[in-house]
Amino acid sequence: MELRQIDDYRWEIPQTGAMRVPGIIYADAAMMAALQKEEACRQVANVATLPGIVKASLAMPDIHWGYGFPIGGVAAFDMDEGVISPGGVGYDINCGVRLAVTKLFADEVGPRIADLADALYAGVPCGVGSTGGIRLTVAEEKKAISQGASWAVKRGLGDADDIDRTEDCGHMAEADPEAVSDNALERGRRQLGTLGSGNHFIEVGEVVEVFDPAVAARFGLAEGRITLMLHSGSRGLGHQVCDDYLAVMAKEARKSNIELVDRQLACAPVNASAGRRYFSALACAANFAWINRQVMLHLCREVFMRVFAKGPADLGMRMVYDVCHNIAKKERHEVDGRVRDLCVHRKGATRAFAPGHPDLCAAYRDVGQPVLVPGDMATGSYVLAGCDGAMAETFGSACHGAGRVLSRTAAKKAARGRELFSEMAGRGVALRCQGRTTAAEEMPEAYKDVNSVVEVVHRAGIAKKVAKIRPLAVVKG
DNA sequence: ATGTAC
């Protein structure tokens, strides 16, 4: 594929053939050299062929191959002429990351880390098909997915501050349970408060580096503080919503005479009935995921209080933020001097609104949105803050993680003969894992170096480094 | 990601 280097961190796929706009990939030279051979670049170009796409098909430095759209991709579509696509969101609707910080310091937690890891592993249901979280009737489930995260708080599973520090207050208003199939509802009914599998995790960490003390202080982060990070999504419910609407969209694309260069780009006009209905279902799944992470935060808080024999005030566990990184949202952005209503798809990309954005909670409005970027299970995670560059270039978006370099099968092969649990212990990480193969699939070598991914968005002026967190304990589904 | 293939 032909690529034109714009500067040290930006590469253009020129607009050719059926592409309506160019592609822009954020990466350093080493990443780009590896990427150039990848199918993911072709996927960036494919997305650029979809009707109503605005400005460019974008990709963050953690880009890798995905279903139709690349993971790490950002694409915005005009609300009148554009489309919405389940492949542009991903199977795990509102998969996202939540970060909380405690009053505990590393010296207090270090000696108890094995107990804490065991207790978290026991305290949160995990693995494929995990249930045993909250069990709901379908009627109550419909109420929950209409309300979002505040539903959990009403039931005593968190407090108002948790909601305030959740993207969009953990609620998409367009949610309509009538757009969600009985099958999807049934799959979700017993899964609130469950971790799931794959790259979903619970991570206890220690803040080891602060890059921007003023912003870090605002986020409640200081060197030595113990953190809790959760990564999970909408479980079986979101997966079923995606499946259901992929089938619908395949037909809709034909009906609307949308030419698809890849069937996996199935989509429909965002402002017509099928597109609206998918958006209503997606909003339900997004709300489900926020409740799910809220319930898990509550479970983890209780585990911490038990293990350290502390009350809520002494533990002082409070939310930093909760972000979605698989989502489509209706947002207003300035494009070439004109304010436009857009449907922004972020698939493996995090919202990164800059200081001053009206959608940010009051506590962070003047410093920018926290952007949570987990790395692999040993390297660490970053907290960034959204910058003006994101508003100008990426529809207010940044990277979401390290990004895979090895497929799951390749990772399993590479892990043969390795003792990952003792290796991780040797690196100071207490690893607890359900699936026998999960540790192998999630081994550090399966991911890009999160340090260099973050460096790209930092230097490109999209999101700036605030703090780095080192993992002490990791629970994988 | 996922009742990892209807």
Side-chain angles (χ1 to χ4, degrees), chain A residues 40 43 62-73 85-98 124-133 135-136 138 141 180-202 230-247 250 264 266 278 281-282 284-286 288-290 292-293 296 323-328 345-350 374 376-377 400-404 406-412 433-442 446-447 475-477:
Chain A
Q43 293 189 314
D62 48 339
I63 178 181
H64 55 108
W65 177 85
Y67 182 94
F69 291 55
I71 294 159
S85 171
V89 172
Y91 265 93
D92 191 2
I93 297 166
N94 190 7
C95 184
V97 181
R98 171 172 294 225
V124 181
C126 65
V128 184
S130 51
T131 57
R135 203 188 192 96
L136 298 172
V138 167
E141 185 186 18
V180 178
S181 67
D182 291 346
N183 192 10
L185 290 167
E186 185 54 35
R187 287 181 71 174
R189 209 161 62 76
R190 294 174 303 162
Q191 289 192 318
L192 278 179
T194 66
L195 185 66
S197 70
N199 64 3
H200 289 167
F201 63 77
I202 306 168
L230 300 174
H231 178 215
S232 187
S234 50
R235 312 285 290 103
L237 183 140
H239 188 275
Q240 191 62 49
V241 166
C242 183
D243 253 352
D244 291 342
Y245 283 92
L246 277 169
Q264 295 186 349
Y278 168 59
L282 167 146
C284 288
F288 184 97
W290 273 315
N292 190 31
R293 292 194 289 273
M296 280 191 284
V323 296
C324 5
H325 56 223
N326 279 12
I327 199 75
H345 293 60
R346 297 190 182 94
K347 181 187 191 180
T350 304
D376 62 71
M377 60 167 83
H400 87 305
R404 291 198 84 91
L406 298 181
S407 69
R408 293 189 176 276
T409 11
K412 270 184 275 190
C433 224
Q434 215 233 7
R436 286 195 308 279
T437 53
T438 301
E441 292 176 352
E442 294 296 317
Y447 288 90
V475 173
K476 284 274 188 188

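By convention in this document, chain letters (A, B, ...) are assigned in the order of the sequence lines, proteins followed by strands, and residues within each chain are numbered from 1. We use all heavy atoms of the structure for the numbers below, so side chains are in, but hydrogens, waters and symmetry mates are not.
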Scan Arg190(A) against the nucleic acid and name what it touches under 4.0 Å (heavy atoms): base, sugar-phosphate only, or nothing. nothing
Take the protein atom CG of Asp244(A) and the nucleotide atom P of dT2(B), then report the distance between them rounded to whole Å. 16 Å
Report the distance from atom CD of Gln240(A) to atom C1' of dT2(B), rounded to the nearest whole Å. 10 Å
Gly233(A) near the nucleic acid: base, sugar-phosphate alone, or nothing, with a heavy-atom cut-off under 4.0 Å? nothing
Check the angle between the aromatic planes of His325(A) and His400(A) and answer parallel, tilted or perpendicular using the 30° and 60° thresholds. perpendicular
By ring pair (Phe, Tyr, Trp, His ring centres under 6.0 Å), which residues pair with His200(A), not counting sequence neighbours? His231(A)
Less than 4.0 angstrom between a side-chain N/O of Ser197(A) and OP1 or OP2 of dT2(B), yes or no? yes
Describe the nucleic acid contact of Asn183(A) in one word from base, sugar-phosphate, nothing, applying a heavy-atom distance below 4.0 Å. base
Can you sort out the partners of Arg408(A) under salt bridge (Lys or Arg N to Asp or Glu O under 4.0 Å), two or more places apart, ordered by chain and number? Glu441(A), Glu442(A)
Measure NE2/His200(A) against P/dT4(B) and give the value in whole Å, please. 16 Å
When we call it a touch if two heavy atoms are under 4.0 Å apart, what does Glu441(A) touch: a base, just sugar-phosphate, or nothing? nothing
I need the CD-P distance between Gln191(A) and dT2(B), as an integer number of Å. 8 Å
Spacing of Asp243(A) atom CG relative to dT4(B) atom P, expressed in whole Å: 12 Å
Tyr91(A) atom OH is separated from dA5(B) atom C1', nearest whole Å, by 12 Å
To the nearest Å, give me how far apart NE2 (His239(A)) and P (dA5(B)) are. 9 Å
dT4(B) C1' sits how many Å from Arg235(A) CZ, rounded? 12 Å
Would you mind telling me which of Leu195(A), Ile202(A), Thr438(A) makes a side-chain contact (heavy atoms from CB on, under 4.5 Å) with Cys126(A)? Leu195(A)
